[in-house]
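What follows is a short report on a single structure.
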Amino acid sequence: MGSLIPFLDLNQLPDPPTTSATKSALVTPKMEPKLEPSDEPLETHQPTQQQSLPQQQTPQEPFSSSTTPNILSKSQHTPITSQPSGISSEEGNVYSEFCRISELFRSAFAKRLQRYGDVDVLDPDSRAIVPVPQEDNNNQVSTLVVSRRRPPHQRSAELVRVTDLGIEDQRYFRDVVRRTRMIFDSLRVLSMTEYEKRRLGEPGLNRRVRGDLRAASVLRDRGMWLNRDKRIVGSIPGIYIGDLFFFRMELCVVGLHGQAQAGIDYVPASQSSNGEPIATSIIVSGGYEDDEDAGDVIIYTGQGGQDKFSRQCVHQKLEGGNLALERSLHYGIEVRVIRGIKYEGGLTSKVYVYDGLYRILDCWFDVGKSGFGVYKYKLLRIDGQAEMGSSILRFAESLRTRPLVARPAGYLSLDVSAKKEKVPVFLFNDIDSDQEPMYYEYLVRTVFPPYAFNRTGNGTGCECVSSCADDCFCATKNGGEFAYDHNGILLRGKPVIFECGPFCRCPPTCRNRVTQNGLRYRFEVFRSRETGWGVRSLDLIQAGAFICEYAGVVLTRDQAQILSMNGDTLIYPNRFSSRWAEWGDLSQIFTDYVRPSYPSIPPLDFAMDVSRMRNVACYMSHSETPNVLVQFVLYDHNSLMFPHLMLFAMENIPPLRELSLDYGVADEWTGKLSICN
DNA sequence: GGTATGTCACGTGT
DNA sequence: CACACGTGACATAC
């Protein structure tokens, strides 16, 4: 178990009431905590030994039966059904989620501090995280709205540092972050879709919607922003260096940077125990002409003094974020650095990259290029961290354009697909002499047995000539909606997706043919010391984007049993974990969110042979926190027994980060884990 | 002295 | 040199 190290306790905590044995306790040192100057660094605490924290499982939320979610209307003020604070956590999704997280944090606290012995044990409820109170408790409605009048929402002033999380906790927090971001993205897209629909009815409607802002507001009203109960200095649990964000508000939602616009986030002086503000994170966005970004070393300009056209027009003052940075320098407190960089090929023209922790070395008042005074801060990246996301982005860029110049040694092949894919698939190994992937024939698509095509009537397709719409026959097969948005992003996972196919009249550019158009990203099969052969992309992959098919030769159960005795490598599609089920699931937001009656498929009873012919997917590694999911898709035949295995991104995957799949547990047929390598 | 309310600074995404 | 927007910190009012 990791430790949460409080090093600045800003509130006097009440006396300990009795604590029940079932509750974890929040403990705090008896002595008055003090800020120590930088020559006595705060990190003198030793990390705790690894302890496993009992993990509470997410309560399974039953799907209530009611209507589909309503519009994301802001004008309508209809309160959602809410969970009054203090009610048992089994009842409400949001509330239980909060309790779970806060409980984890409290347990971590207790574990950490018990080592000191000299502590007070406090009633956990005294510091319980409570979701933002809903204004009303009218249970009959569940329209998604953003409340017009926000209850005052105090951010915590309690500074903590989270270190040495155990593997279980890392996995847990990663999952919380991933789910929250997925909900953010679903809401963002939903908000824009609703707007487009409304605009069809009201042509005069011309006000642009900001889906990102709306999504953040909805999550905030539901109390689903992460890490609001503590001010975390240092890294945020569940967020890795190199993680990518397309929207500024997303940084707020996950707690990486709590300011919607300002580049410096800090604990305000008014809340700080000694009346001094402390900086926790900054965003280097290129908005200040006096910034100098050399990667490991940054000369960062303070905030303020600009007019509305971002020109310096007055001197900056040592207040707010500027003062906070100066105080952080004084106390030797590290700050998180997020870079906003231009990047084409993403969802927006800019991405935010978490680049890790920096220490502030120096601070001075200088005359900027404009002639006005600005505060400058010299920051140095702390050693021993993973490589910076922003430099990986740059490196990937050079690999895309001139691979052999950027990396002269290590390429075994510049296209293992031998031009069978639209884009080359690189093969790279710079650590040993293994050349295994060279010896397989590259297979672009899964080979199905002929009778998969004969079994059912084939001629069922749509008659759309130009483009398919929501009332098209193929949309009906998918429960009256397409599975993808107009950019080919998977909106919601389903047991099976019916794409338009050879029996449809629509063109190949139809939006319902996402998985039929081959590779879009440049992949690299690479050799790794940890995972053997693995796969990574040279391009940024947006969450929900189609990656590739998992291709092989389909075998019946009997055939598979014979071949597996030969030691051939087989894949069992029914063993992949059903990650599609959580993709696009908004039941945490809409209390009346129902799982539509999608057509389901019978349990899959086939295996795939990848022992002679395989594609790039076969080299993907297994992970219990995968970044790729399997979605079954049908298009070229109608046999539900034999769907294609299509892979989609579960999160924004930065270039050169390894792709991973949850292959599931040991297979029931053979007892072997279905991974080839 | 605490809470409620108002004002402002802070860039962003389109 | 367009425009609307959300948040948090802080000032002010009570």
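Values reported hereafter were calculated over all heavy atoms of this structure, with side chains retained and with hydrogens, waters and symmetry mates removed. Numbered from 1 within each chain, the chains take letters A, B, ... in sequence-line order.
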Closest to side chain of [X], choosing from [options]:
X	options	answer
A:S270	C:dA2, C:dC10, C:dA9	C:dC10
A:Q303	C:dG6, B:dC10, C:dT7	B:dC10
A:P268	C:dA2, C:dC10, C:dC5	C:dC10

Under 4.0 Å between any heavy atoms, over every strand shown, what does A:G320 touch: base, sugar-phosphate, or nothing? Just pick one. nothing
With a non-hydrogen cut-off below 4.0 angstrom, is A:G340 in contact with a base, only sugar-phosphate, or nothing? nothing
Assuming nearest nucleotide by heavy-atom distance, tell me which of A:F309 and A:A262 is located more 5' along DNA chain C. A:F309
Kindly give the atom pairs (protein nitrogen or oxygen, nucleotide nitrogen or oxygen) under 3.5 Å for nucleotides 12-14 of chain B.
residue: B:dT12; atom: OP1; partner: A:R248; partner atom: NH1; Å: 3.1
residue: B:dT12; atom: OP1; partner: A:S285; partner atom: OG; Å: 3.1
residue: B:dT12; atom: O2; partner: A:R210; partner atom: NH1; Å: 3.2
residue: B:dG13; atom: OP1; partner: A:R248; partner atom: N; Å: 3.2
residue: B:dG13; atom: OP2; partner: A:Y352; partner atom: OH; Å: 3.4
residue: B:dG13; atom: O4'; partner: A:R210; partner atom: NE; Å: 3.3
residue: B:dG13; atom: O4'; partner: A:R210; partner atom: NH1; Å: 3.4
residue: B:dG13; atom: O4'; partner: A:R210; partner atom: NH2; Å: 3.2

Could you check whether [Y] and [X], counting side-chain N and O atoms only, form a donor-acceptor pair closer than 3.5 Å?
X	Y	answer
A:D355	A:S390	yes
A:Q259	A:D265	yes
A:Y331	A:E276	yes

Given C:dG8, is OP1 or OP2 found less than 4.0 Å from the side-chain N or O atoms of A:R231? no
Mind checking the OG-CD spacing from A:S186 to A:Q588? Nearest 0.5 Å is all I need. 11.5 Å
Between A:F648 and A:F546, is the ring centre distance below 6.0 Å? yes
